[in-house]
*Asks:* 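Below are the structure tokens for one structure; questions will follow.
Numbered from 1 within each chain, the chains take letters A, B, ... in sequence-line order. Owing to the predicted nature of the structure, the values given are computational and were not obtained by experimental measurement.
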Amino acid sequence: MAEGSFEPKIVAFLCNWCTYTGADLAGTSRIQYPPNVRIIRLMCSGSVDPTYVLKPLLDGADGVLIGGCHPGDCHYQSGNYKARRRVIALKEILKNAGVDEDRVWLRWVSASEGGRFAETVTEMVEFLKEKGPNPKRREWAV
Amino acid sequence: MESQPRIGVYICHCGVNISATVDVEQVAEFAATLPGVVVARNYLYMCSDPGQSLIQQDIEEQGLNRVVVASCSPRMHEPTFQGAAQQAGLNPYLVEMANIREQCSWVHSDRGQATEKAKALVASVVAKAARLNPLEEREVGVTPGAVVIGGGIAGMVAALDVADTGFPVYLVEKSDHLGGRVMELNRTFPTLESVAELLQPLIERVQNHPNVTVFLNSHVTGVEGYVGNFTVEVSGSPNLQPETMKPETHELGVGSIIVATGYDVFDPHRRPELGYGQYPNVITSLELERRLAEGDLTVDGRSPKSVAFIKCVGSRDVQVGNPYCSRVCCMTTAKQSRLVRELLPEADVTVFYMDVRTFGKGAEEFYDEARAKGVRYRRGNVSEIIRGDGGDRGGRGDRSGRLVLVGEDTLQGRPFDFEADLVVLAVGMECRSDVGELSTLLKLPRSSDGFFLELHPKLRPVDTAVDGVYLAGCCQGPKDISDTVAQAKAAASSAMIPLIRGTVLAESATAVVDPDVCAGCGMCVEVCPYGAPALDPLWGVSRINDVLCKGCGTCAVTCPSKAIRLQHFTAEQILAQVDALLCV
């Protein structure tokens with residue numbers, strides 16, 4: 001990281017069928033976006049356990065991105081709806097626990113939306129740069 | 001799993017696709033320092049035979065029990081490396097891939113940052129690999145048969161190949177007849193064969209084939225399932241005349257789906273400066289096909305003295321959103337200009353072109369013949385077509401009110417006015433306006449031009465991101481009849497692979513319940529979309545039927561006592577990935 005500039009770290013959980021494939025399409029289409037995002041492949045956004053979101057935030061990631069299929073398009077019929085409900089509940093809990101819930105993004109990106117994936121990452125990086133580093137990074141540092 | 005993890009890490013250069021942006025040697029050196037890694041190498045093409053042998057040799061000689069390949073997307077080559085590991089005696093589920101091409105080298109340009117990201121991705125996947133467990137491969141039966149969507153030449157050819165092999169085929173056509181766009185043509189290029197003679201026997205064979213059920217005026221309304229076992233919902237009626245039809249819903253069980261939905265013709269109204277719809281003697285190449293079939297080219301009862309063709313209307317044109325070449329218009333124009341010349345030996349026939357692209361067998365020769373027969377090719381852009389006003393008001397053209405093509409000769413670098421009695425616009429191809437519906441139903445990705453996206457442009461040209469769904473013809477991109485038929489036959493043979501095998505691999509990465517932890521609350525039963533978990537009445541705990549389980553993992557997240565584990569994506573593995581990512 002260059003001196004003085006803050007480069008946010010984003011952990012992304014992407015569903016295998018839509019958003020992960022959308023990110024692949026951004027690649028095959030050579031659409032450039034900031035390298036701040038680190039992707040973990042899951043089969044479904046509905047399999048994102050709340051601990052997957054909590055752990056990176058408490059360990060100092062600046063943001064968590066969950067990517068799933070558009071409503072109605074889930075490969076497993078309804079996993080994305082479950083993800084949506086869980087993220088809403090989780091954000092409420094984060095707020096009450098004093099963790100900035102705006103650092104958690106849930107976005108629908110289909111397998112054909114490479115451009116949308118790149119835009120989402122770009123937008124999130126800009127948003128987090130404005131927000132500044134996750135304070136948990138210092139608080140929890142041993 | 002036996003003893004300690006012994007991980008081999010293989011960083012692929014992918015030619016220069018990865019190594020141009022990512023310092024692969026540095027990544028390999030870094031990987032060698034990660035816990036559990038015993039060997040880390042980089043190689044030019046990991047997917048090549050020598051690349052795969054490298055892995056196999058290390059498995060045997062170094063006693064590797066986990067393999068990590070950092071290269072392209074696992075959606076591309078995971079089966080390749082799983083297969084290689086399996087040949088060397090390693091369970092395929094002990095292989096993981098780090099996606100450092102699609103999700104790193106191709107989307108970032110800063111070498112330092114891309115290398116750091118690649119390291120983090122490799123570390124994350126190595127951490128997961130160390131915690132992998134072997135899984136059993138399972139096979140399930142296949143429903144024999146295929147649905148072909150679209151009754152044009154691609155759909156019919158594909159349907160016949162599958163049907164001739166002995167499988168039932170359901171051919172679903174939106175309109176009230178078979179034949180598709182080719183039906184609108186008069187003669188083929190470069191052989192000048194009659195299209196009717198080509199198409200009619202094909203249509204008859206399809207209609208009379210005992211294994212083919214034709215649905216006319218029908219469309220696909222729903223698709224469920226996966227390769228080997230799809231349920232396709234079709235609204236319409238099989239083999240009935242349109243007037244007696246009462247649309248009803250049919251559920252068709254098949255193993256494969258072939259998409260052959262064709263294309264839309266570019267609407268020249270979107271180039272208003274060319275006067276289509278304004279002047280009756282400005283027509284499209286398809287309208288000319290009909291006029292040629294009728295043998296009548298007269299304009300207002302008179303034989304035209306000058307016929308002009310304009311190529312690339314709606315193709316290679318960023319203004320209308322179609323930067324691509326439609327591939328058929330150069331030869332269509334060569335064919336039509338030649339036929340017009342034969343029909344009207346007295347008339348001037350002029351073709352305005354950007355470039356002439358007459359690839360394909362016999363095509364360049366055909367184009368040479370057209371010129372030898374007196375068709376004039378003039379390199380130029382026509383920017384506007386106006387009706388001559390006889391020069392009365394200082395305007396253009398003679399007194400007869402002929403059309404005047406205004407443009408620039410791009411060889412001479414000079415503007416021109418060119419008079420014509422009949423103008424033919426060589427209109428290009430576009431993806432169908434309703435392509436989005438099918439794309440959503442089948443979850444089929446599309447490329448930036450709107451057409452359906454093949455899985456790999458060279459090696460998997462008829463496969464798609466959805467296993468068991470194949471592409472034939474112009475729904476994948478503009479093509480002539482020869483290429484369409486070739487692709488249709490390719491799609492048919494690919495679609496028959498699961499049908500002939502009779503089995504497909506079932507999901508191995510299913511969810512499992514730890515009966516010692518399960519409290520029998522039944523929440524997994526409620527959230528599962530497939531009815532896989534059920535409460536064991538005797539023990540009061542949940543059991544998951546691994547034939548029904550598709551491995552989505554929603555039960556594992558829902559389980560309040562964390563008794564359910566999604567194999568291959570366990571919480572332990574994922575959290576280890578998070579840890580490793582944040583440590584780099």
Side-chain angles (χ1 to χ4, degrees), chain A residues 1 7 9 11 13-18 20-44 46-52 55-56 59-61 64 69-70 72-79 82-83 86 110-115 117-118 121, chain B residues 72-76 97 99 101-110 113-114 116-117 120-121 124-125 128 224 226 439-440 443-448 452-453 457 465-466 507 509 511 527 529-530 550-558 562 566 568-569 571 574-575 577-579 581-584:
Chain A
M1 200 190 303
E7 289 295 338
K9 268 190 186 178
V11 176
F13 298 99
L14 307 186
C15 90
N16 178 59
W17 307 99
C18 290
Y20 191 91
T21 313
D24 276 355
L25 182 60
T28 42
S29 322
R30 312 295 199 278
I31 304 171
Q32 304 290 303
Y33 57 83
N36 306 56
V37 65
R38 310 277 192 263
I39 294 166
I40 294 177
R41 179 165 78 124
L42 296 177
M43 293 314 278
C44 180
S47 71
V48 175
D49 193 280
T51 54
Y52 299 178
K55 186 176 166 64
D59 285 356
V64 173
C69 310
H70 283 276
D73 284 357
C74 177
H75 185 78
Y76 304 105
Q77 299 177 16
S78 56
K82 288 162 187 151
R86 286 193 191 109
S110 80
S112 54
E113 294 177 325
F117 177 76
V121 172
Chain B
C72 50
S73 171
R75 296 188 62 92
M76 182 84 225
M97 288 180 75
N99 187 342
R101 190 181 73 176
E102 279 84 343
Q103 296 177 7
C104 190
S105 70
W106 274 354
V107 286
H108 308 315
S109 44
D110 183 290
Q113 287 179 324
E116 283 311 302
K117 178 171 173 178
L121 295 176
S124 158
V125 171
K128 180 179 182 185
E224 294 280 325
Y226 50 93
S439 167
T440 306
K443 305 184 179 76
L444 274 190
R446 290 154 61 193
S447 39
S448 56
F452 288 125
L453 180 66
V466 185
E507 186 56 64
V527 294
Y530 306 104
K550 303 274 182 289
C552 73
T554 199
C555 56
V557 188
T558 308
K562 297 287 159 229
L566 175 62
H568 213 60
F569 293 92
I574 304 296
L575 294 176
Q577 280 198 273
V578 171
D579 251 343
L581 274 186
L582 293 174
C583 286
V584 176

*Asks:* Can any side-chain N or O of B:R75 pair as donor or acceptor with the backbone N or O of B:A465 at less than 3.5 Å?
*Replies:* yes
*Asks:* Counting heavy-atom pairs under 4.5 Å to chain B, which of A:I40, A:N36, A:T28 comes out on top?
*Replies:*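 Option with the greatest count: A:I40.
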*Asks:* Taking A:S110 for its side chain and A:C18 for its backbone only, find out whether a donor-acceptor pair lies under 3.5 Å.
*Replies:*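 Such a contact is absent between A:S110 side chain and A:C18 backbone.
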*Asks:* Hey, which of B:R101, B:E224, B:Q113 has the most heavy atom pairs under 4.5 Å with chain A?
*Replies:*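 Sorted descending by pairs with chain A, the first entry is B:Q113.
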*Asks:* Can you say whether A:R86 sits under 4.5 Å from chain B via the side chain, the backbone, both, or neither, judging by heavy atoms?
*Replies:*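 Side chain of A:R86 only, per the 4.5 Å heavy-atom cut-off to chain B.
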*Asks:* Quick check on B:T558 against chain A: is it the side chain, the backbone, both or neither that has a heavy atom closer than 4.5 Å?
*Replies:*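 Backbone plus side chain of B:T558, per the 4.5 Å heavy-atom cut-off to chain A.
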*Asks:* Identify, with sequence neighbours excluded, every residue that meets side chain to side chain contact (heavy atoms under 4.5 Å, CB included) alongside A:H75.
*Replies:*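 Per chain and number, A:H75 pairs via side chain to side chain contact (heavy atoms under 4.5 Å, CB included) with A:W17.
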*Asks:* Can you measure from CG (B:N99) to OG (B:S73) and round to the nearest 0.5 angstrom?
*Replies:* 4.5 Å
*Asks:* Side chain, backbone, both or neither: which part of A:L42 has an atom under 4.5 Å from a heavy atom of chain B?
*Replies:* both
*Asks:* Which residues satisfy the ring-ring contact (aromatic ring centres under 6.0 Å, His included) test with A:Y52, sequence neighbours excluded?
*Replies:*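 ring-ring contact (aromatic ring centres under 6.0 Å, His included) check on A:Y52 returns A:F13.
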*Asks:* Which heavy-atom pair separates B:L582 from A:A61 by the least distance, and what is that distance?
*Replies:*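 So the minimum-distance heavy-atom pair works out to CD2-CB, 3.7 Å.
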*Asks:* With a 4.5 angstrom heavy-atom cut-off, which part of A:C69 approaches chain B: side chain, backbone, both or neither?
*Replies:*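 Contact with chain B is absent: no heavy atom of A:C69 under 4.5 Å.
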*Asks:* For a quick check under 3.5 Å, do B:S124 and A:R38 share a side-chain donor-acceptor pair by atom type?
*Replies:* no
*Asks:* Check each atom of B:A114 against the heavy atoms of chain A and say whether the ones under 4.5 Å are side chain, backbone, both or neither.
*Replies:*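 Neither part, no heavy atoms under 4.5 Å.
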*Asks:* Against chain B, label A:V37 side chain, backbone, both or neither, depending on which of its atoms sit under 4.5 Å from a heavy atom there.
*Replies:* both
*Asks:* Tell me which of these, A:M43, A:K82, A:H70, has more heavy-atom pairs under 4.5 Å with chain B than the rest.
*Replies:* A:K82
*Asks:* Under a 4.5 Å heavy-atom cut-off, does chain B meet the side chain of A:N16, its backbone, both or neither?
*Replies:* both
*Asks:* If you tally heavy-atom pairs under 4.5 Å against chain B, which of A:R41, A:R30, A:K9 wins?
*Replies:*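 Highest number of heavy-atom pairs under 4.5 Å: A:R30.
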*Asks:* Do the non-hydrogen side-chain atoms of B:W106 and A:Q32 ever get within less than 4.5 Å of each other?
*Replies:*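 A side-chain contact is absent here, since even the closest heavy-atom pair is not under 4.5 Å.
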*Asks:* Check whether B:Y530 gets within reach of chain A through its side chain, its backbone, both or neither, counting any heavy atom under 4.5 Å.
*Replies:* side chain
*Asks:* What are the two closest non-hydrogen atoms of A:L25 and A:A111, and how far apart are they?
*Replies:* CD2-O, 3.5 Å
*Asks:* What residue in B:V527, B:L566, B:L121 has the most heavy-atom pairs under 4.5 Å with chain A?
*Replies:* B:V527
